[in-house]
Amino acid sequence: MNANKLYCIYAGTVRGAVAHVESRPDSDINFQLNDVEKSEIKSMHWGRSETEIIIGHQNGSVRLYNTLTNNFVQSLSNLDGDGGVCGLGVLDNSVLVARNSGVINIWSKNNVESFKLNLPDDSTLDCMAQNFNNYNVIATGGERNDLKLWDIETKSSIFKAKSMGHDELNLPIPTSVRGICFFNNENNLVSCATKEGHVLLYDGRVQRRPIVKFLEVKASYSAIACTYRDRQIVAGTTRGYIQLLDLRASKRCLRTYKSFTGGVTSLVCDISSPVVISTSLDRFVRIHDLDTKNLLYKKYMKQSLTQIVIKPIFKEEPKEEEKDSKFNNENVDAEFEEMFDQMETITEKSRKHSHDDGSHVDARDKRLFDFRSTDSVWTWTCKNNTCQKDRVQPAGKPLSLAACKILCDPYGGLWPKPTGRVEIGKRLIPIVKGKLDKNTKNKLVRAAYRNFWNNLQKLGKLGHLKENVSKLIVSVYITDPSQNQLKLSTDESYSLKISKLSSRDISANITAATYFGARHGFETLGQLIIYDDFENSLKIISDANITDGPAYPYRGVMLDTARNFISVETIKRTIDGLAASKLNTFHWHLTDSQSFPFVSKSNPSLSKLGAYSPKDVYAPKDVADIVEYALERGVRVLPEFDAPAHVGEGWQDTDFVACFNHQPWREKCAEPPCGQFDPTKPKLYDALEGLYKDISQQYNLDMFHMGGDEVSVACWNSTPSIVEWMGKQGWGRSEDDFIKLWSYFQSNALERFDRHSHEKLPIIMWTSALTSSKHVEQFLPKDRYIIQVWTSKTDPHVTHLLRKGYRMILSNSDALYLDCGYSGWVTGGNNWCSPYKGWQQIYDNSPALYGKTNQFLGGEAALWTEQVDDTAVDSRIWPRAAALAERLWAEPANSWRAAENRMLTHRERLVNRGIKADALEPRWCRQHENNCPL
């Protein structure tokens with residue numbers, strides 16, 4: 001492979017995401033996780049432009065993906081047929097879509113045609129390929145479905161392969177086509193690979209039987225691709241190897257490539273070089289040199305891969321420092337301009353439109369949307385600050401529900417509601433695109449602006465082109481742009497002013513002391529823009545003046561990723577929800593006795609032994625990705641390494657853990673498996689220091705959570721070596737003596753942590769026996785420790801800590817534990833903290849109930865994952881955590897009832913952004929405000 005030739009690789013996954021990577025050794029993987037179709041990607045094909053990829057899913061949906069913005073920009077609607085997508089193509093400006101039921105769709109923006117293939121009984125269509133020498137010809141095949149050629153224009157068959165004949169027992173030889181490819185500059189040659197191990201070459205001009213047959217007796221074929229050489233193909237197998245076959249008269253296998261540990265799922269060849277790019281079940285993308293068999297590139301992609309498309313890169317890009325030196329204001333606009341050009345539209349008509357003055361203008365040239373009303377029979381009117389559903393009067397113009405809600409609600413549907421001035425106009429103005437002030441070069445601000453517009457793109461498809469549309473011009477003013485780390489002392493306040501300019505454009509000015517306040521300003525601005533589904537348009541409030549800032553500096557959600565592994569994608573969606581709700585802390589409960597998914601550079605065996613599987617880990621790159629993702633969204637990532645209890649898996653090769661998996665577990669711990677550090681082991685603290693060093697280097701820490709809950713005195717008391725060590729210290733075996741042992745551990749662990757911290761950071765610990773009124777002041781200095789309350793709000797513990805002057809975070813389990821109210825998993829009945837905590841209870845749960853709000857830094861909702869995995873995280877957290885968000889941001893004087901209509905709006909906002917937030921009420925209630933609550 002030419003050293004100057006690299007590849008942009010786009011891979012489809014089982015989960016429906018698109019992974020993008022360049023074939024550079026140090027290239028990071030970029031996943032498109034927003035707006036993901038939760039269905040396996042079955043087919044990928046380059047689209048009608050160099051930046052468009054067509055993507056087909058198992059559930060039959062087809063979407064267009066833009067490679068510049070790395071986003072899905074449009075879904076193809078009104079497709080005929082059933083089953084998944086098994087092939088894609090492009091014909092002029094139309095998209096070809098094949099489905100398993102045997103229907104071929106010819107989709108264009110204004111029309112969908114289709115025709116049905118005549119499939120044999122009990123057969124399916126599993127693959128379709130387009131002849132790139134003659135785009136009007138496609139080839140099809142599948143399970144018990146021989147290869148056929150079809151003319152798209154006439155919608156008729158032009159070639160049908162004959163069966164393979166019979167075997168020695170006179171039984172028909174089955175043919176199940178798994179892949180098809182056409183040869184470059186060979187208009188009539190087509191080859192296919194079958195599940196039964198055949199590679200067949202057909203010439204449509206000569207005969208219906210294959211002119212060349214090759215049989216692989218060891219495995220089934222799963223993929224095929226034609227190389228740039230005459231009649232040479234590569235075929236991938238289910239046994240995890242690729243063959244290079246010469247289909248000329250020799251019919252021989254030239255080479256075999258065996259670096260796989262799983263079946264090959266897709267293949268693509270460079271049309272001008274001896275290179276094959278492949279994906280396989282082991283989640284790797286590989287590039288092989290066909291001539292030398294050398295493995296040129298290998299990348300673990302973290303998800304199961306199904307399909308692949310590539311684009312060669314012939315020229316090395318400039319280094320980052322060269323890019324920075326060439327940065328100019330024009331580049332700012334160009335970067336964002338492309339984003340708007342790719343916004344999804346319902347249709348763009350190229351016919352001429354007349355101006356009032358009689359002149360004509362081509363709509364595509366103007367690129368201005370013509371917003372046209374639908375024929376809705378319903379409208380919404382504002383009465384007493386609520387939207388009422390009414391019939392449209394004969395001469396009336398309908399008002400959409402979204403428009404009514406933003407105009408009628410005193411807070412414009414904002415969540416959380418602002419704490420200062422709120423002046424919101426009563427007019428909506430259509431906007432088509434935006435512009436960030438050219439002087440804004442702050443990378444975080446530019447990222448916030450990009451995220452802001454990405455969120456708007458998810459609201460809905462835009463309408464036709466029209467001239468009478470405004471542009472949104474955003475300016476951001478930050479007093480101290482150097483503050484790029486969120487701390488408890490960070491000023492998160494902002495002001496937002498929206499006004500109409502003389503040029504008919506809309507100006508939005510965000511002013512803040514820090515980036516974090518400005519980021520909240522972007523969120524508020526985004527919430528003041530709606531998608532009007534009656535007119536298929538984005539609309540913004542014509543004028544607004546808002547000043548805002550949070551009541552509490554710490555506003556978080558805790559997610560446990562150790563009881564069950566939680567993917568990076570789900571963590572990012574959680575952070576998206578935090579940002580949408582102006583929560584600012586993602587508390588990451590990294591490890592526990594059940595698993596150790598954190599990859600420690602100082603001690604790699606911890607995750608090797610302790611992770612549920614080699615793929616269920618958080619490597620340093622994953623952590624860096626999450627930390628950066630959160631920073632752009634104004635969220636700190638707070639890691640927790642819980643100790644001395646809640647340890648076990650991962651530590652098997654040490655003697656540091658007592659009572660590991662003791663049975664019956666109830667004697668020594670709160671849940672299985674048991675496990676607790678032995679504080680008497682000197683080398684334990686060396687291991688902890690290495691772990692703390694890893695954490696300090698990988699996370700941008702402004703505080704650290706050391707856990708410290710549910711320590712079992714019974715475990716330590718039943719361990720002879722511990723009891724003996726305590727005796728040598730002159731200690732007995734009373735509870736107070738074991739508290740001394742716990743304190744011994746905590747002080748040594750903290751000393752090791754401090755060695756790798758740039759300053760003495762605040763330390764958070766859960767309420768426990770160590771934080772009891774009797775012991776807390778002796779062992780945990782109030783100027784260093786913050787206590788997180790997980791017990792009930794009536795626990796006298798809380799009152800004692802307040803009296804002693806400790807700073808606290810409220811996470812009382814009787815309101816803020818989001819895992820409560822489900823079935824038991826160690827006993828029958830319901831789990832220990834039942835019942836379920838509804839959003840109303842969370843909303844009314846305030847630190848102010850304790851009186852001394854200045855000592856409460858804020859609060860945090862907690863999701864422990866004994867009974868939660870990727871499939872349930874979104875719905876367990878959202879929208880309930882948003883109720884906590886408004887409580888901690890605004891500390892409202894009213895109860896949940898006054899916030900209900902806005903909560904329903906915010907829940908829909910979360911869903912639009914790809915977060916599977918739980919439904920709260922029938923949709924009817926949202927359309928008929930104040931008609932449901934008693």
Side-chain angles (χ1 to χ4, degrees), residues 33 485-486 554-579 583-601 606-607 610-612 616-643 646-647 649-650 691-709 753 757 761-766 786 788 790 809 811 816-819 858-866 868-870 873-874 876-878 881 884:
L33 300 175
Q485 183 185 37
L486 183 66
Y554 186 102
R555 308 175 307 280
V557 166
M558 188 285 297
L559 180 59
D560 164 20
T561 62
R563 270 49 179 256
N564 278 304
F565 182 80
I566 306 300
S567 68
V568 172
E569 304 96 278
T570 299
I571 290 174
K572 286 184 174 181
R573 282 201 313 278
T574 302
I575 292 170
D576 288 337
L578 296 174
L583 292 164
N584 68 358
T585 301
F586 172 62
H587 173 177
W588 191 350
H589 185 84
L590 267 175
T591 64
D592 216 287
S593 60
Q594 289 89 352
S595 77
F596 199 107
F598 175 71
V599 176
S600 167
K601 290 183 178 180
L606 290 172
S607 57
Y612 283 123
D616 292 333
V617 296
Y618 304 108
K621 282 189 176 182
D622 297 322
V623 173
D625 185 22
I626 290 170
V627 170
E628 181 66 21
Y629 191 89
L631 175 63
E632 290 180 355
R633 288 154 181 80
V635 175
R636 72 159 57 83
V637 179
L638 171 65
E640 176 190 353
F641 177 64
D642 201 353
H646 291 279
V647 295
E649 292 290 344
L691 190 58
Y692 294 148
K693 180 181 179 181
D694 295 334
I695 291 173
S696 296
Q697 290 176 345
Q698 294 184 38
Y699 294 84
N700 187 22
L701 297 178
D702 70 300
M703 59 179 73
F704 182 55
H705 206 303
M706 299 186 76
D709 66 322
F753 173 80
S757 176
L761 299 176
I763 301 298
I764 305 174
M765 293 187 69
W766 297 102
I786 298 167
Q788 185 165 4
W790 70 269
I809 295 169
S811 294
L816 296 179
Y817 268 30
L818 303 180
D819 55 309
E860 185 172 271
L863 181 60
W864 303 102
T865 60
E866 287 92 343
V868 179
D869 61 12
D870 260 8
V873 168
D874 286 15
R876 296 286 174 93
I877 294 178
W878 306 109
L884 175 68

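In what follows, every heavy atom counts, from backbone to side chain, and hydrogens, waters and symmetry copies are set aside.
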- Could you give me the CA-CA distance, side-chain angles and deciding distance for Leu818 and Ile877, then say whether side-chain contact (heavy atoms from CB on, under 4.5 Å) is met? CA-CA 7 Å; Leu818 303 180; Ile877 294 178; 4.2 Å; yes
- Message: Could you go through Ile566 and Tyr618, starting from their C-alpha distance and side-chain angles, then the distance that decides it, and tell me whether this counts as side-chain contact (heavy atoms from CB on, under 4.5 Å)?
- Response: CA-CA 10 Å; Ile566 306 300; Tyr618 304 108; 4.0 Å; yes
- Message: Let's go through His705 and Trp588 carefully: what are the C-alpha distance in whole Å and the side-chain angles of both, what is the deciding distance for ring-ring contact (aromatic ring centres under 6.0 Å, His included) to 0.1 Å, and is it a yes or a no?
- Response: CA-CA 9 Å; His705 206 303; Trp588 191 350; over 10 Å; no
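Of all heavy-atom pairs between Val617 and Ala611, the closest is CG1-CB, 3.5 Å. For Leu486 against Gly634, the heavy-atom pair with the smallest separation is CD2-O, 4.0 Å. Among all heavy-atom pairs drawn from Glu649 and Gln594, the shortest one is CG-O, 3.1 Å. Across every non-hydrogen atom of Asp819 and Glu866, the tightest pair is OD2-OE1, 4.5 Å. Here the closest heavy-atom approach between residue Gly707 and residue Glu640 is recorded as CA-OE2, 3.3 Å. Closest heavy-atom contact between Asp616 and Phe565: C-CE1, 3.2 Å.
Under the 3.5 Å distance criterion, the side-chain polar atoms of Ser595 are matched with a main-chain donor or acceptor of Ala562. Within the 3.5 Å criterion, the main-chain N or O of Ser600 finds no donor-acceptor partner in the side chain of Asp694. Distance alone, capped at 3.5 Å, is enough to place a donor-acceptor pair between the Asp642 side chain and the Gly708 backbone. Distance alone, capped at 3.5 Å, places no donor-acceptor pair between the Ser696 side chain and the Ser757 backbone.
More than 12 heavy-atom neighbours from other residues, nucleotides or ligands sit within 6.0 angstrom of NZ on Lys621.
Under the 4.5 Å side-chain criterion, counting only non-hydrogen atoms from C-beta, Phe753 is not in contact with Ile695. Under the 4.5 Å side-chain criterion, counting only non-hydrogen atoms from C-beta, Val627 is not in contact with Gln698. No side-chain heavy atom of Trp790 sits under 4.5 Å from any side-chain heavy atom of Met558. Side-chain contact between Val647 and Thr591 is absent, with no heavy atoms from C-beta onward closer than 4.5 Å. Side-chain contact between Thr585 and Val557 is absent, with no heavy-atom pair separated by less than 4.5 Å. Considering only heavy atoms from C-beta on, Tyr554 stays 4.5 Å or farther from Ile786 through its side chain. You'll find the side chain of Thr865 reaches within 4.5 Å of the side chain of Leu559, heavy atoms only.
Annotation: ring-ring contact (aromatic ring centres under 6.0 Å, His included) contacts involving residues 619-641, sequence neighbours excluded, are absent.
Distance check, rounded to the nearest 0.5 Å: CG of Leu578 to CH2 of Trp878 gives 4.5 Å. With rounding to the nearest 0.5 angstrom, the CG atom of Leu863 is 8.5 Å from the OG1 atom of Thr574. Between atom CZ of residue Arg555 and atom CG of residue Leu583 there is a gap of 7.0 Å, rounded to the nearest 0.5 Å. A distance of 11.0 Å separates CG of Asp576 from OG1 of Thr570, quoted to the nearest 0.5 Å. Atom CG of Asn564 is separated from atom CG of Asp870 by 9.5 Å, given to the nearest 0.5 angstrom. Here the OH atom belonging to Tyr699 is positioned 4.0 Å from the CG atom belonging to Leu590, to the nearest 0.5 angstrom.
Ring pair Phe704/Tyr692 is perpendicular by interplanar angle, where above 60° counts as perpendicular and below 30° as parallel.
Of the N and O atoms on the side chains of Asn700 and Gln485, at least one donor lies less than 3.5 Å from an acceptor on the other residue.
By the side chain to side chain contact (heavy atoms under 4.5 Å, CB included) test, Gln697 is found to be paired with Lys693, residues two or more places apart in sequence or in another chain being considered.
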